[in-house]
Amino acid sequence: MEAYKKLMIVGMLLVIAMIGSKPILANGQSFCHMSKEGFKACMPSVSGENPVDPPTSACCSAIAKADLKCLCRYKDSGLLTFYGVDPNEAMQLPVKCKLVDSFSC
């Protein structure tokens with residue numbers, strides 16, 4: 001259970017890097033304006049050898065609410081990789097969700 005909580009925190013950190021807001025990682029609160037549930041919805045699209053593409057509507061809804069500049073802060077931190085999140089896949093979510101034409105940190 002503790003490893004799952006850490007994974008959720010790292011995912012929220014990714015969202016924070018993209019969004020630009022102060023991360024809050026405790027008890028179901030948001031991370032870069034992305035909820036724990038939103039992060040969980042995006043995990044299949046940013047982890048594993050064959051990420052889900054396109055992302056689910058639940059993931060895209062979460063990314064639409066996320067602070068992308070905030071999430072960018074975590075792209076090269078190593079935390080995302082540690083928790084199984086591919087930072088490159090994560091940074092592609094705004095484009096794959098058709099929220100923006102292009103995105104880079």
Side-chain angles (χ1 to χ4, degrees):
M1 185 64 140
E2 185 65 27
Y4 178 75
K5 286 182 181 180
K6 288 181 181 180
L7 176 61
M8 295 306 296
I9 289 172
V10 170
M12 289 183 192
L13 289 174
L14 173 61
V15 174
I16 289 174
M18 296 177 114
I19 299 176
S21 67
K22 184 177 179 181
I24 300 171
L25 303 175
N27 298 324
Q29 294 180 356
S30 68
F31 178 84
C32 290
H33 298 279
M34 191 171 188
S35 70
K36 185 175 183 179
E37 291 77 20
F39 175 72
K40 190 175 178 181
C42 289
M43 280 302 294
S45 295
V46 297
S47 61
E49 291 185 26
N50 297 307
V52 173
D53 190 21
T56 64
S57 61
C59 174
C60 291
S61 178
I63 290 295
K65 296 173 187 170
D67 180 340
L68 300 180
K69 290 179 183 179
C70 176
L71 293 173
C72 282
R73 287 186 250 159
Y74 297 92
K75 180 183 177 201
D76 297 320
S77 72
L79 286 174
L80 299 175
T81 304
F82 180 76
Y83 288 101
V85 173
D86 180 329
N88 295 317
E89 290 290 334
M91 296 305 140
Q92 293 176 27
L93 287 177
V95 174
K96 288 182 177 183
C97 288
K98 298 181 177 154
L99 300 171
V100 296
D101 291 329
S102 65
F103 178 77
S104 63
C105 293

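- Closest approach of L93 and P55 over heavy atoms only: CD2-CG, 3.6 Å.
- One distance of note links OG of S35 with NZ of K65; it measures 7.5 Å at 0.5 Å rounding.
- A 6.0 Å sphere centred on CG of N88 holds more than 12 heavy atoms belonging to other residues, nucleotides or ligands.
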Just do the side-chain contact (heavy atoms from CB on, under 4.5 Å) check on K96 and S45 with the steps written out, would you? CA-CA 10 Å; K96 288 182 177 183; S45 295; over 6 Å; no
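- Here the CD1 atom belonging to I63 is positioned 13.0 Å from the NE2 atom belonging to H33, to the nearest 0.5 angstrom.
- Across all non-hydrogen atoms, the minimal contact from V95 to F103 is CG2-N, 3.7 Å.
- Both L99 and V46 sit in one connected hydrophobic cluster of ILVMFWY residues. Membership requires side-chain heavy atoms under 4.5 Å apart, directly or through other members.
- Scanning all heavy atoms of the two residues, the minimum distance from V85 to A90 falls at CG1-CB, 4.1 Å.
- P87 places a side-chain heavy atom less than 4.5 Å from the side chain of T81.
- The SG atoms of C59 and C97 lie 2.5 Å or more from each other.
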